[in-house]
Structures are given as C-alpha cells and as structure tokens.
Amino acid sequence: MLRNLDASYYVDPALHERERAAIFRTHWHLLGPASQVAEPGQYVAAELAGEKLFALRGRDGALRAFRNVCPHRGARLLEEGAGRCDTLRCPYHMWLFDETGRLRRTPWFGEDASFDTADWPLTPASVAVWRGLLFVSAAPELSLAEQLGDLPEEVADYPLETFVPVASHRFEMRCNWKTYTDNFVEGYHVPGIHPAFAAVIDFAGFETVAQNNMVRMTAPQKGGSIYGGKWLWMWPNWTLSVFPGGMNISRINPLAVDLTEQIYHFLFADISPETEAERTRTIETNCAIVREDFGICEHTQRNLASGAYRPGPLSPKHEQGVAWFQARVAAALAQKVARAAE
Ligand code: FES
Ligand SMILES: [Fe+2]
C-alpha cells in the first residue's frame with residue numbers, strides 16, 4: 001500500500017532548509033516566457049526558495065544570469081519581476097556593473113591599494129531557454145534537457161513558442177509547497193473541490209501517469225470545456241497546462257516552510273481584440289480553480305502541523321503522482337545526507 005509522507009516533511013523548518021539546498025538550489029527554475037528578455041536591457045528577477053537570481057539580456061545580445069546579490073554589502077540589485085535596465089547599478093551605494101557582471105565603478109569608495117575591482121564581480125548563475133520558456137539555476141546538477149525528462153516529447157506537437165504572454169497572476173497560500181504540489185499532481189479531489197470543473201470532464205476517464213520527472217494528468221473533455229484536458233507538472237516545481245489556443249505555465253515557490261507562492265503566466269496563440277472576451281474567461285476560470293485549491297491546502301497544512309495526523313494510504317488509481325513526487329523529495333533529502341556523511 002502506498003502511504004502519504006510523514007507530517008514532519010511539511011512543517012519542520014530544518015527539513016525545509018535541507019530541501020532548499022538539496023532540491024531548489026540544484027535544479028532549474030521556470031522564470032516565465034523568454035520573450036520577457038528578448039531585447040537588450042530586459043531582465044527577469046526572482047527569489048527562488050529564498051535565493052535571489054536574475055537573467056539579463058546584455059547590450060551585446062547575450063543572455064546571462066547572476067545572483068541578485070551585490071558583492072559589496074549584499075544588497076538586491078534588481079527588483080523582482082520583469083523589467084528593463086539601462087545600467088546595472090546597485091541601489092545601495094551605487095556600485096556599477098557591466099552586463100558581463102564585471103564591477104566597473106565604485107563611486108566615493110576612497111583609496112585602498114588592496115582593493116581591485118576585478119576581484120569583485122557578480123556571481124554568475126546558469127540560464128537556459130527551452131521552447132520559448134526561460135529557466136535559471138544557481139547550481140544545476142543536470143542540464144535543463146535532462147531535468148525536463150519526458151516533457152519535450154509530451155508537448156512536441158504543441159506550438160509552445162508561438163504563444164504570446166497575455167497576463168500573469170501571483171497567488172500566495174499558507175501551506176508548505178509540497179502540500180500544494182501533492183494537490184496539483186492528483187485529480188482525485190476534482191469532484192470534491194472543483195464541482196464546476198468536474199461537470200465538464202469525464203472523471204471516470206481521468207488518468208494520471210508519473211514518470212521521468214513529469215506527472216501527466218489527462219481527462220476526456222465534454223462539450224464546451226475550456227480546459228483542454230492535459231495538465232502537466234514537472235519536477236521539482238513547475239506546471240504547464242495546454243488548453244485550446246494556448247497554455248498556462250506556473251512556478252510553485254516556497255517562501256517559508258508554511259508559505260508558498262505560485263506565479264502563473266497565461267499565453268495564447270491568438271491575441272486579436274475579437275478573442276479578448278474568451279481569453280479573459282479562460283484566465284478567470286483557471287484562476288478560480290487555483291483559489292479553490294488554496295482553502296483545502298491551508299486547512300490540510302494546519303492539520304499536518306497539529307500532530308493529529310498519521311500518514312494515510314494513497315489511491316493506486318489517482319495518487320500515483322503524489323507517491324512519485326513524495327518519493328523524489330525523500331530521495332533528494334536522503335542523498336544529501338549521504339553526501340554530507342561521505
Ligand atoms: S551593497 Fe551594493 S553598492 Fe553597497
Ligand atoms: Fe485542484
């Protein structure tokens with residue numbers, strides 16, 4: 001019998017710190033559509049499980065990523081989100097860096113013969129683009145292609161890179177990132193939590209397959225459904241769902257052991273004014289579904305934290321994805337412990 005993870009995985013701050021090192025630092029993170037950094041000077045900055053990184057398109061056309069940490073006294077260089085900067089200047093004491101991360105100017109610093117600007121560049125990070133999506137990593141253990149597992153083949157027939165970003169939405173929920181992920185990788189809760197959604201899919205035909213860094217959930221659609229019937233989750237923390245004429249992508253990001261944010265981007269093939277009402281309906285319906293999940297996840301989190309829960313059984317039909325995800329988390333943490341002991 002498959003069993004749910006022990007509650008301590010969801011509430012223990014020390015374990016959360018181990019996850020940050022064993023999972024988040026070593027993996028690639030979805031930053032969003034790569035079109036956000038199409039032009040020189042454009043950047044995307046994000047805090048990923050507590051580590052600030054940014055990707056920047058230089059004036060030379062090259063895409064680079066750095067830690068968003070000034071080597072002087074540790075200030076944040078760029079505000080989180082997508083934007084444009086003419087110069088890379090720290091807002092604190094105005095040190096100036098070039099697009100390669102080299103320190104160029106240190107106004108009013110004073111004379112110090114032992115100080116050489118060449119010794120104080122920004123710390124580089126890794127950046128990659130896959131099919132129009134932008135990823136960064138502080139210290140990747142695998143190439144992005146390896147991490148993506150079965151995803152490239154799964155979406156080979158969808159014109160992902162032609163979709164245009166139309167809107168992004170950020171949600172915050174008071175639960176562990178795994179409480180929400182467990183919820184995302186099963187359709188078992190659809191009749192209970194999403195009755196309107198359940199009405200437009202054939203729930204008896206809902207299928208979940210977990211393999212090679214991806215959980216694929218599919219369901220036959222009834223007439224008029226705007227969902228598309230394919231929801232994908234990728235290890236360790238991002239999602240991609242295709243629907244007629246577009247897709248949404250999201251990053252599930254821990255802010256603390258009991259606080260999680262999810263940032264969605266909605267992209268469409270047709271962004272003409274005639275389709276605006278339909279696009280708005282798709283975005284609003286999807287966001288409503290996400291909100292429906294928060295309530296159940298937040299109360300589940302409180303029960304996990306209460307000490308009143310012992311690991312229950314997981315459905316072999318519907319919770320394969322939950323079991324797969326939880327096993328990966330446990331293995332990543334165990335591997336980290338084994339390495340530390342070497
Ligand atoms: S912390 Fe950046 S210039 Fe001082
Ligand atoms: Fe849900």
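We count ligands from 1, going down the list as the structure has it; atoms in each ligand are counted the same way. Since this is a predicted model, take the numbers as computed values, not measurements.
The pair E47-R76 fails the salt-bridge criterion, with no side-chain N (NZ, NE, NH1 or NH2) lying under 4.0 Å from an Asp/Glu carboxylate O. One finds no salt bridge joining R20 and E51 here, because no Lys/Arg side-chain nitrogen approaches an Asp/Glu carboxylate oxygen to under 4.0 Å. Ion pairing of R216 with E207 is absent here, as no side-chain N (NZ or NE/NH1/NH2) approaches a carboxylate O to less than 4.0 Å.
Not a single N/O/S atom of E292, whether from backbone or side chain, sits less than 2.8 Å from the Fe ion (ligand 2).
Ring pair W120/F109: centre-to-centre distance not below 6.0 Å.
Between the side chains of N176 and H16, no donor-acceptor pair of N or O atoms lies under 3.5 Å. With 3.5 Å as the limit, one finds a donor-acceptor pair spanning the side chains of E146 and S143. A donor-acceptor pair shorter than 3.5 Å can be found between the side chains of S250 and Q262.
Rounding to 10 degrees gives 140° for the angle at the Fe ion (ligand 2) between NE2 of H189 and OD2 of D293.
Listed by chain and number, the protein N, O or S atoms at a distance under 2.8 Å from atom 4 (Fe) of ligand 1 are H72 ND1, H93 ND1.
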